[in-house]
K.L.:
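Could you have a look at this structure, given as structure tokens, before my questions?
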Amino acid sequence: MINVIGMGYIGLPTALMLAAHGEKVIGTDYNKELVKTLQSGKLTFQENGLDGLFSEALKQGIAFTDEYKRTDMYIVSVPTPYDKESKKIDPSYVITAVKSVIKVCPEGATLVIESTIPPGTIDTYVRPVLKESGFIEGKNIHLAHAPERIIPGNMIYELIHNNRTIGADRQEIGEKVKNIYQSFCQGEIIVTDIRTAEMTKVVENTFRDINIAFANELMKICRSGEMDVYEIIRIANKHPRVNILSPGPGVGGHCISVDPWFLVGDYPGLANLILTARKTNDSMPEFVLKRIYEIMRKEGIEDAEKVGIYGLTYKENVDDMRESPTLQMLKCMDEHLAGGRVKVYDPYIEKDIVANQYHDLERFLEDVTLVVLMVAHNEIIENMEKLNGKTVLDTRKVCDCENVYWL
Ligand code: SAJ
């Protein structure tokens, strides 16, 4: 049996995938409400293909609980935020999960950490916990790190098809964990040591953050020099060794906007490019806000009540609002004149979480003159003609309507 700890955005699909492929799985979360929801057969977030996978896993007997189970294999998938002051990892969720597991686990159990953690986390925070409780690694307990790589919006496909990395102290433990993941993963699974696996995952997300920051910086340069950044990127990307990403309203989500900070926190003075990229991406919501004011002046729109913000999630076709650029921009607005007055809509967010939030596209559009497209959900792409007659600030370069501005 496998006990997956943490039924969030990564732990839940992983647990379901394992169960659907014949493993006996119990999903544990300390959030009793979340466990109750799963036990009642309801999902806690939306994701392409997750419904079908959930049904299959239930058929195969997956169970959910708030208790930690006695078994020989644990997969820990809990949040790893960073401390806003020091920029270092806040390992408290991982430590709590490991402490809870070792209270119940039998001798010889394998503990796999899936959460993203910077290099040295297992050495500094996990090994001492095992030692204190009398376990001897390699003898009566085993450790591995198997960082996830799936992208929200395409998680199920990527769980099956992405390559994976597994870090372990000993090859045989790495191979044992690899076997478990091979029950569903068709990609290449590379076994390495724990520190390399920790660093590799953080490096992947940092690479993407830096590349998005480059696109955002280019966009600022082109705006200032009155050049068309999108045309420039389109042409430059025809070069066989150039692949510039897309400028946008900022980098959100719990991964790319978080993981590079670990390197800044642990290697101050060395992670300079990484720090600059983080700052560049974090500056984008405020840049969008300045652009909104510019367009309002140009179009003679005086009242912030006539401004509609489309999209609250951190990216398209997901319901995840963690580190969302829109929420950051609304926070900036609170410090400026428009606070609490603009109108907001997102088809994926049913609960009211900000002022003047709409739940119907037509009504939202009726009430605003300037639409700021922060997220390119399929809904708006499929209803582009509804933007005709509006002024649009398209931060994602997806609109082909009449009166449109870009970043
Ligand atoms: N974004 C841009 N321009 C781009 C691409 C993205 O502005 O060209 C923005 C998005 O709108 C979003 C943010 O960046 O706000 C991040 O989105 P994303 O789609 O790039 O990535 P995530 O955070 O959804 O998932 C990432 C993935 N990492 C990489 O691609 C290296 C995923 O594979 C990881 O599993 C995931 O982080 C994770 O959990 O770590």
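We count ligands from 1, going down the list as the structure has it; atoms in each ligand are counted the same way.
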K.L.:
Take Arg322 and Asp320, measure what salt bridge (Lys or Arg N to Asp or Glu O under 4.0 Å) needs, and give me the verdict at the end.
P.N.:
CA-CA 6 Å; Arg322 289 176 298 172; Asp320 188 343; 3.0 Å; yes
K.L.:
Okay, side chain of Asp193, backbone of Thr196: is any donor-acceptor separation there less than 3.5 Å?
P.N.:
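Side chain of Asp193 to backbone of Thr196, a donor-acceptor pair under 3.5 Å: yes, one is there.
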K.L.:
With sequence neighbours excluded, tell me which residues meet ring-ring contact (aromatic ring centres under 6.0 Å, His included) with Phe54.
P.N.:
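With neighbours one apart ignored, the set is empty.
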K.L.:
Return the set of residues passing side-chain contact (heavy atoms from CB on, under 4.5 Å) with Asp66 (not counting sequence neighbours), or none when no residue passes.
P.N.:
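Only Lys32, Val35 meet the side-chain contact (heavy atoms from CB on, under 4.5 Å) criterion with Asp66.
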K.L.:
Distance under 4.0 Å, heavy atoms only, partner ligand 1: which residues pass?
P.N.:
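Around ligand 1, where the cutoff is 4.0 Å for heavy atoms, the contacting residues are Glu148, Arg149, Ile150, Ile151, Pro152, Lys201, Glu204, Asn205, Arg208, Ile212, Leu245, Ser246, Gly250, Val251, Gly252, Cys255, Ile256, Tyr314, Lys315, Arg396.
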K.L.:
Run the side-chain hydrogen bond (donor to acceptor under 3.5 Å, both in side chains) check on Thr280 and Asn216 step by step: do they pass?
P.N.:
CA-CA 7 Å; Thr280 302; Asn216 283 334; over 6 Å; no
K.L.:
Under the side chain to side chain donor-acceptor pair (under 3.5 Å) rule, what pairs show up with a residue in residues 232-249, not counting sequence neighbours?
P.N.:
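Residue pairs passing side chain to side chain donor-acceptor pair (under 3.5 Å), neighbours aside: Glu231-Arg234.
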